[in-house]
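Here's the structure we're looking at; comments come further down.
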Amino acid sequence: MIKRGEASAEHPTNQKILQAAGNPQAPEKILEVLLASAAQVYIEKLEPLENLDIKRREAIGKMEALQAERNNVNKEIARRKANKEPAEELFAGMKEVGAQIKDLEKTVDELDQAVNEILLGIPNAPHASTPLGCNETANVEIRKFGQPKQYGFAVKDHVDLGTTLGILDLDRAAKLTGARFSVLTGAGARLERALIQFMLDTHTQKHGYKEILPPFIVNAASMRGTGQLPKFEQDLFKLQGFDYYLIPTAEVPVTNLYAGEILKESDLTISYAAYTPCFRSEAGSYGRDTRGLIRQHQFDKVELVKFCRPEESYDELEKLLDNAEEILRLLQLPYRVVALSTGDLGFSAAKTYDIEVWLPSQNCYREISSCSNFEDFQARRAAIRYKGSEAKAKTAFVHTLNGSGLAVGRTWVAILENYQDENGRVCIPEVLRPYMGGMTHLEP
RNA sequence: GGAAAGGUGGCCGAGUUGGCUUAAGGCGCACGCUUGGAAAGCGUGUGUAGGCUAACACCUACCGCGGGUUCGAAUCCCGCCCUUUCCGCCA
């Protein structure tokens, strides 16, 4: 555990960490930031946690001693009553004992809550293979697929292409609802549907996932289980008058499928592929990606979710990542894979790879999938465990993983932009044509 | 939305005049015996969480969830949730 005095790059232990990490970019600076935040976590969360836990154990010890006493007296009362002997003298002090137990129960309950509140606010610990860094600039590119095409003309973005083709209507979407919503029409709507079906078919038939269609609305307990609550309530749409939320990703209902359950070890690894719409308030992203379909309040996504044994989770992460990449390879869209650094990692993840697809109009790669291993972080919150069939088998937490396979809206964007020609026509990727009734091009 | 019935351990299923049930019995499962091998049979074991332990042991809590009555609640009272059936409404 990191103590206050150790939060500096000069500390010998930290020097070792630096060497091991092998990060060439101003290691002292990075370490300073990392250690400062680690020390802050320690002072604000872990130290109080320790004290609360000591108090909690004390209270539990006292409470259980009194409960044991009460049980013994009650047994004696029962025995005397059965033998028709008087027992009233034993009632005397027991009312007081009962009251004390009730008080201690309340104390324990309060301490439990205080401990939980702290625990729920502590992010997951990054895996050793996650690159060290303060932010996204420390992310590491793992590999690239395909070559961005050279276009001999001025490329259009998907908004221009879609509007001209008559398959995208953002103005009317704004009328219907507001900013960051869209209407797809004709071949545009069909392309969205084709992509969903193509992705689900590939993952279920080729990659062995089981298809699942969950609710698009979940309760607060489910949101806590996967880590969206309590910290990220402002990112969610909540239903007025209910303790219900619109899901921001299928990860929430699908991972919580087994909340509070103990799975058979022989059933692992369990792999699901789910299509759902996703709803995000995008609070705090005002002004970012305001044009087009890149950042919407509602978008379609096919999500991959796995439950597995702890020792297999990093192998499963690589497989899941490859399964997601396969969609882009089949669509022949150029992409790269990036390992997120500790500074860019989400709250719940121990390791995350982003897949970024090439967007000609922006002349850069943009995130189209995020594949993460949460280790037992979500499993602990949602109480998802497994157990072998042997008599003395121990129950343990599963590891959970998920990744987009893929974000459908952004895939739609990538196809329009990467497959456009000089005349504003869009060639439909070979693998999608069966889903598009044999159509080969989108044209005005 | 209205009415009725019900929610007990992996499953089935006892237990409702409160106290030898901190959960009978059965099925399933695991291990062992038996067998050439299997089945049957017999025996043993078989929940979760927490506390205390070096460990075994032991202790505490949990009979949908929460609260109440009581010396004591699976059992009585109140509220909520869920399931099933019927009615209404509805895609």
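Lettering of chains follows the sequences in order, A, B, ..., and the numbering in each one begins at 1. Excluded from the calculations below are hydrogen atoms, water molecules and symmetry mates; all remaining heavy atoms, backbone and side chain alike, are included.
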Checking Lys301(A) against Thr249(A): is there a side-chain donor and acceptor pair closer than 3.5 Å?
yes
Considering only the C1' atoms, how many Å lie between U34(B) and A23(B), rounded to the nearest integer?
34 Å
Which of these nucleotides, C52(B), G50(B), G72(B), is closest to any side-chain atom of Glu64(A)?
G50(B)
Nearest whole angstrom, please: distance from the P of G9(B) to the CD1 of Ile262(A).
13 Å
Provide the distance between the two C1' atoms, one in A30(B) and one in G79(B), to the nearest whole Å.
43 Å
Only pairs with both distances under 3.5 Å count, Watson-Crick or wobble alike; so what is the partner of U69(B) in this structure?
none
Taking atom types as modelled and ignoring hydrogens, do the side chains of Glu325(A) and Tyr353(A) form a donor-acceptor contact shorter than 3.5 angstrom?
no
If you check every side-chain atom of Arg57(A), which of C59(B), G51(B), A61(B) has the closest atom?
G51(B)
Do Lys62(A) side-chain and U60(B) base share a donor-acceptor contact under 3.5 Å?
no
Gap in Å between the two C1' atoms, one belonging to A49(B) and one to U22(B), rounded:
15 Å
What is the separation between atom CD1 on Ile60(A) and atom C1' on A49(B), rounded to the nearest whole Å?
10 Å
Pick the C1' atom in U70(B) and in C31(B), then give their distance to the nearest Å.
45 Å
To check you understand the geometry: which heavy-atom pair defines the closest contact between Gln228(A) and Glu251(A), and what is its length?
NE2-OE2, 3.9 Å
Which sits closer to the 5' end of RNA chain B, Lys102(A) or Arg385(A), going by the nucleotide each is nearest to?
Arg385(A)
So, is Lys387(A) close to the U48(B) phosphate, meaning a side-chain N or O under 4.0 Å from OP1 or OP2?
yes
Answer yes or no: does a side-chain N or O of Arg56(A) lie under 4.0 Å from OP1 or OP2 of G51(B)?
yes
OP1 or OP2 of U60(B) under 4.0 Å from side-chain N/O of Asn71(A)
yes
For G18(B), give the paired nucleotide (Watson-Crick: N1-N3 plus N6-O4 or O6-N4; G-U: N1-O2 and O6-N3; both under 3.5 Å), or none.
none
Using both distances under 3.5 Å as the test, list the Watson-Crick or G-U wobble partner of A23(B), or none.
none
Grab the CG-P distance between Asn72(A) and U22(B) for me, whole Å please.
13 Å
Atom CD of Gln100(A) with >12 non-hydrogen neighbours under 6.0 angstrom:
yes
Using Watson-Crick or G-U wobble geometry with both distances below 3.5 Å, tell me the partner of G88(B), or none.
none
Which one is paired to C80(B), where only Watson-Crick or G-U wobble pairs with both distances under 3.5 angstrom count?
G64(B)
Answer yes or no: is there a side-chain heavy-atom contact under 4.5 Å between Met223(A) and Pro230(A)?
no
C90(B) to C80(B) separation - P atoms, rounded to the nearest Å
27 Å
Using a strict 4.0 Å threshold on nitrogen-to-oxygen distance, state whether Arg288(A) and Glu282(A) make a salt bridge.
no
Of the listed nucleotides U48(B), C71(B), U22(B), the one nearest the side chain of Asn74(A)
C71(B)
I need the OH-P distance between Tyr386(A) and U48(B), as an integer number of Å.
14 Å
Strand partner of A30(B), provided both Watson-Crick or wobble distances fall under 3.5 Å
U44(B)
Within the pair Lys81(A) and G19(B), is there a side-chain N or O less than 4.0 Å away from OP1 or OP2?
no
In Watson-Crick or G-U wobble terms, with both distances under 3.5 Å, the base opposite A74(B) is none
Rounding to the closest angstrom, what is the interatomic distance between G9(B) and U46(B) at atom C1'?
11 Å
How long is the line joining NZ of Lys264(A) and P of G28(B), in whole Å?
15 Å
Would a 4.5 Å heavy-atom cut-off, applied to side chains only, mark Val305(A) and Ser271(A) as touching?
no
Round to a whole Å and report the spacing from NZ of Lys106(A) to C1' of G66(B).
16 Å
Nearest-nucleotide 5' precedence on RNA chain B, Met63(A) against Lys95(A)
Met63(A)
Given atom CG of Leu263(A) and atom C1' of G10(B), what is their separation to the nearest angstrom?
13 Å
Report the distance from atom CZ of Arg79(A) to atom C1' of G72(B), rounded to the nearest whole Å.
16 Å
In Watson-Crick or G-U wobble terms, both distances under 3.5 Å, what is the partner of A39(B)?
none
Pairwise P distance for U8(B) and U83(B), with rounding to whole Å
14 Å
What distance do Phe237(A) atom CZ and Phe279(A) atom CZ have between them, rounded to the nearest 0.5 Å?
9.0 Å
P gap between A74(B) and G1(B), integer Å
33 Å
